[in-house]
Amino acid sequence: EVQLVESGGGLVQAGGSLRLSCAASGFTFDDYSIGWFRQAPGKEREGVSCISSSDGSTYYADSVKGRFTISSDNAKNTVYLQMNSLKPEDTAVYYCAATRVKHRLWALWVHSSEYDYWGQGTQVTVSS
């Protein structure tokens, strides 16, 4: 059974930090790149970051560049999203997802339709 399980969400004050984890199982982890998405109430789901399984390249939305860092521990089949300098506008449910896309990942990672598997999400709330 394919599973992506997010953890690490919570309530934090503006300026604080959280580290999200995405634990994968049930598929060949090395064949899939992992992305993080978020969805705030009343808004569309948006791509936050992605890490390539091919070469470890990382991609970020402009809104989080310089504040968020994605990393992967292949031995643990886990991807992390370190979120620093959090802002109230970062409040959302955060999802991790897996995609087999390799060609043009730099352009396609932001499109949720390119992902095959999704986690259930974890809530991140940033208070002002």
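Atoms considered below: every heavy atom in the structure, side chains included; atoms not considered: hydrogens, waters and symmetry mates.
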What donor-acceptor contacts under 3.5 angstrom involve side-chain atoms of residues 95-103, with partners at least two apart or in another chain?
residue, atom, partner, partner atom, Å
Thr99, OG1, Val101, N, 3.0
Thr99, OG1, Glu114, O, 2.8
Lys102, NZ, Asp31, O, 3.4
Lys102, NZ, Ser53, OG, 3.4

Legend entry - Whether Ser49 side chain and Tyr59 backbone form a donor-acceptor pair below 3.5 Å: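 Yes; judged by distance alone, with no hydrogens or angles, the pair exists.
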Donor-acceptor pairs are to be reported for all side-chain atoms of residues 82-89 against protein atoms at under 3.5 Å, with residues two or more places apart or in another chain.
residue, atom, partner, partner atom, Å
Gln82, NE2, Asn84, OD1, 2.9
Asn84, OD1, Ser17, OG, 2.9

Inset, instruction - Quick one: list whatever passes salt bridge (Lys or Arg N to Asp or Glu O under 4.0 Å) with Asp30, sequence neighbours left out. - result: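 Counting only residues at least two positions away or on another chain, Asp30 forms no salt bridge (Lys or Arg N to Asp or Glu O under 4.0 Å).
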Legend entry - For Arg67, all residues meeting salt bridge (Lys or Arg N to Asp or Glu O under 4.0 Å), sequence neighbours excluded: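 Arg67: salt bridge (Lys or Arg N to Asp or Glu O under 4.0 Å) contacts with Asp90.
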Would you mind listing every disulfide bond (SG atoms under 2.5 Å apart) that reaches into [range], with sequence neighbours excluded?
{"range": "residues 99-128", "answer": "none"}
{"range": "residues 98-128", "answer": "none"}
{"range": "residues 56-90", "answer": "none"}

Legend entry - Test item: Phe37 and Tyr115 side chains (from C-beta on) under 4.5 Å apart, heavy atoms: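 Yes. Closest side-chain heavy atoms under 4.5 Å.
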Inset, instruction - For residues Ser72 and Ile34, determine if any side-chain heavy atom of one lies less than 4.5 Å from a side-chain heavy atom of the other. - result: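 A side-chain contact under 4.5 Å is absent here.
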Partners passing side chain to side chain donor-acceptor pair (under 3.5 Å) against [X] (at least two apart in sequence or in another chain):
{"X": "Thr69", "answer": "none"}
{"X": "Lys43", "answer": "none"}
{"X": "Ser7", "answer": "none"}

Legend entry - Closest non-hydrogen atom pair, Gly121 against Val93: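 Shortest heavy-atom separation between Gly121 and Val93 comes out as CA-CG1, 3.8 Å.
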Inset, instruction - Could you pull out all residues at least two apart from Thr122 that satisfy side chain to side chain contact (heavy atoms under 4.5 Å, CB included)? - result: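 Residues passing side chain to side chain contact (heavy atoms under 4.5 Å, CB included) with Thr122: Glu6, Leu20, Tyr94.
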Legend entry - Residues forming a side chain to side chain contact (heavy atoms under 4.5 Å, CB included) with Thr91, sequence neighbours excluded: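 Partners of Thr91 by the side chain to side chain contact (heavy atoms under 4.5 Å, CB included) criterion, ordered by chain and then number, come out as Gln123, Thr125, Val126.
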